[in-house]
Structures are given as C-alpha cells and as structure tokens.
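First the structure, in the form of structure tokens, and then the observations on it.
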Amino acid sequence: MGRGVSRRNVLMGGTALVGLGTSAVPNLGFPLLESDEVLVPFTDFPSDFNPNPRSGVRYLDTRKIKNFITPSDQFFTVQHYGRPSIDPTKYRLRISGLVEKPLELSLHNLRQRQRSVHIVGFECSGNSPRRINPLVGNARWSGVSLRGLLQESGIKAHATEVIFWGADKGTEEVSHGGTKAKVDQPFGRSLAVADAMRSEVLVVYEMNGEPLSPEQGAPVRLIVPGWYGVANVKWLTHIHVQDRRFMGKFMAREYVTLRGLQSSEGIVWNETSVSRIQLKSMVARVTRRGRRCKILGFVLNDGTPLSSVEVRINEGPWRPATIDRSSTAYSWKLFTYYWENAPRGEHRILSRVIDAYGRVQPEEKDLELKKTRWENNAQFTRTVMIA
Ligand SMILES: Nc1nc2c(c(=O)[nH]1)N[C@H]1C(S)=C(S)[C@@H](COP(=O)(O)O)O[C@H]1N2
Ligand SMILES: [Mo]
C-alpha cells in the first residue's frame, strides 16, 4: 500500500485499532436510535428534500443514517446514460489488449473464483451540501480481486493503463484538433496499472450479501476503494489494457477539477481527473435525551488512517469526537460527539477531520482556487433547533 502509513494500524481517536484490514467484517452495528432519544431537527435541511428526485436517481436522507452498513434500498444511485439490463445467463466479462491470454468470463466463472469481501463507502464527487450531501453510502461488496484477473490474463510488462467499460452507451460528439465525430460510446473510466493492481480493487457481483441490483450495476461492477463514485464502473462488461492514457469523456472532459496552485510565480492552473476521495466529514444526525445531545456524523477519505475528528459548537473550541469501532480503512467512519447541557434555541454545529499525514479538512475559503464543482470537501456548518 506504501504511502508511509500502515493501514493495519488505523489510528483513530487516539487508539490504535489493530487488525482492521479492509476484509474484516465487523459485527458491531452502530447504535440505533434508543427509545428515549428524540431527533433534533435541522433548520438547514431543504424542505423539499425528495429521496427520489428524478427517475434513476436515489438520494440518501443523511438524517436517517442508523447503521454502519447502508441498506441496499437506501444506497444512493446515479448514472449518466440510463440503466442497461443484462441477462445474467448471457453475461460475459472480456479482458483484452496487452495481455498474454485474453479472457471471457461468465458470471459462473467469476463466482467460482476466490471471493473477496470489502466494506467500502463512497460518494459521488458531485455531492453537494445544498442537498445535504445525499449521494453517499457504505456497503459490503463481494466479488473477485481485479489483480487476480489481470494476473491470470498475463498482463504485459509494458502495460500502463486499464480501461473499464460498462454496457451503457451514449451518443457523443467528440471533437479533437478541429475534427468532429459522432459515436456511440460506452461509459468508461480507467486506472493506472499501479492503481488497478492494488489488492483491494474488486470486480463485484454482490452488495450486502445479495446479487447486485440493476441500479447498482447488475450483474457485475468495479469497486475501487478510496476513490470517488465515478471510478466504480457499473454494468462492467469489458476491461482493456493499453500502454497510453485513456482520455474518455469521464476521465478527461467530465469529472475534471480545475484548481489553482499557489507558486512563487503566481497561480498555476492545474486540471486533474477526479480520483481519490478528498478528506471530508459531515454532521448527519443529532438526537437528544434530556439536555444531552448526541451528534453523529461520517468521514469519507482515501483510506489514509485518521488522526482525529473534531466537533465545534457555535464557534466554540474544537473538541474531539469518537470514531466508531466498526470503521475500516475504506468504509465511511461514523463518529459521535456528546454535547452536555445543550441549551434551547438554534445552534451551529461543525465538524472537521485530520488524517495521519496532518491533512486537515479544508474550510470553504481554502477551496477558493477550486473553480469547478467536483470534490467539494469543505467543512459544512449544520444548524439545529433544540426544544
Ligand atoms: N456504467 C456506469 N457506471 C457508473 C456510472 C455510469 O454512468 N455508468 N456513473 C458513475 C458515477 S458518476 C457514480 S457517482 C457511481 C454511482 O454508483 P451507485 O449508483 O452504485 O451509487 O457510479 C459510477 N459508475
Ligand atoms: Mo458521480
């Protein structure tokens, strides 16, 4: 895994949680709403919030997060070209390009292989505080390791890039160098070989112990732990290996972030393809028992161990929150903070997360040089009304 920090010793809230490999499947559910607790209403929640805002899209109502694992029928869903339906008995996954042995695998072939299970949480990189970040979820994904498949196909030494195409297509007008072509293109994303060969990247056929649903990519999808949703290609039918960068629409023309870097020469404008999840936390649910409030939130990041999550009330001091022990490297991490003697009235609640490299979740003003909408991980003030 490299990057200098061992993911086995996930440092959280000051305690080293040993043995939390991503394949650990903890049984520690997050505490449910207890009978004598009341929900504290948010005053910033959009009054027209609709969990199914339009056909093909499902939002997670983050106030209702009760479980570490998001139930499949609540997990968010989006896609760009509509949902193809694939007959699982006719399904084939093709692996082509710079490999010694091109493969064509049926669902049965995949299921016969060694099964890997990872808990992975992710959000769409277009997730927005305006709708209270509803494009998010955390699930248990089962399938086979992509690395195993690439090794079996005999990936060649000079390969640098692995493309993943879905069965869903759109007609795109592509324009380069003053020439234009109109073509039917499948949804496609790629990974550098080094990223594709991480042992935790999965070719998935089950979500939360059930076959993938049509909206979540049935029968087979990719899951790239620690990356934004766009990397997790649904309805995956074709993997292609090559020796040059893939510049498809969703790598190079959409899901691109424009960000200014301060340098001694002034600002350098950088454009990058959306990839690893930026360090983010959000307060999601507040409950109260008498004057004691329980603040629950979640953290998403690229899998780097965390150093702390903190909560701040009404511009008071930052205070440490407790990270739930069910957290794994690539899950979302639920956290709680108890606020004693919470007075009646409206209050502002903010959270921030700091990782083991000392990276701090940015404030909104720190993102002024990010000029495009993707990857908004700014600290997010919530407002509540306490009765
Ligand atoms: N084949 C295909 N895969 C896709 C997409 C798509 O349009 N087509 N959308 C991506 C985007 S932008 C996101 S955020 C996630 C959403 O995954 P979910 O619907 O399972 O939550 O799927 C990704 N995979
Ligand atoms: Mo997305």
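In each ligand, atom 1 is the first atom listed, and ligand 1 is the first ligand listed.
For residues 294-314, the ring pair (Phe, Tyr, Trp, His ring centres under 6.0 Å) pairs, not counting sequence neighbours, are Phe298-Trp332. Pairs passing the ring pair (Phe, Tyr, Trp, His ring centres under 6.0 Å) check and including a residue from residues 36-63, sequence neighbours excluded, read Phe45-Phe49, Phe49-Tyr59.
Of the protein's heavy atoms, Phe76 O, 2.7 Å lies nearest to atom 21 (O) of ligand 1. Protein heavy atom closest to atom 23 (C) of ligand 1, with residue, atom name and distance, is Gly229 O, 3.3 Å. Looking only at heavy atoms of the protein, atom 10 (C) of ligand 1 is closest to Val230 CA, 3.8 Å. At the top of the distance list for atom 4 (C) of ligand 1, counting protein heavy atoms only, stands Phe187 CE2, 3.6 Å. Atom 12 (S) of ligand 1 has Tyr255 OH, 2.9 Å as its closest protein atom, hydrogens excluded (heavy atom only). Protein heavy atom at the shortest distance from atom 17 (O) of ligand 1 is Arg221 NH2, 3.2 Å. Of the protein's non-hydrogen atoms, Lys234 N, 2.8 Å is the one closest to atom 3 (N) of ligand 1.
Just one of Leu191, Val120, Val274 meets the side-chain contact (heavy atoms from CB on, under 4.5 Å) condition when paired with Trp227; it is Leu191.
Between Phe250 and Phe164, the ring centre distance reaches or exceeds 6.0 Å.
Nearest heavy atoms, Leu334 versus Ser327: N-OG, 4.0 Å.
When the options Ile223, Val233, Thr70, Asp168 are ranked by their closest heavy atom to atom 1 (N) of ligand 1, first place goes to Asp168. Comparing Asn127, Asn232, Leu236 against atom 24 (N) of ligand 1, the shortest heavy-atom distance belongs to Asn232.
Tracing side-chain contacts under 4.5 Å through hydrophobic residues (I, L, V, M, F, W, Y), one never reaches Val162 starting from Phe246; they form parts of separate clusters.
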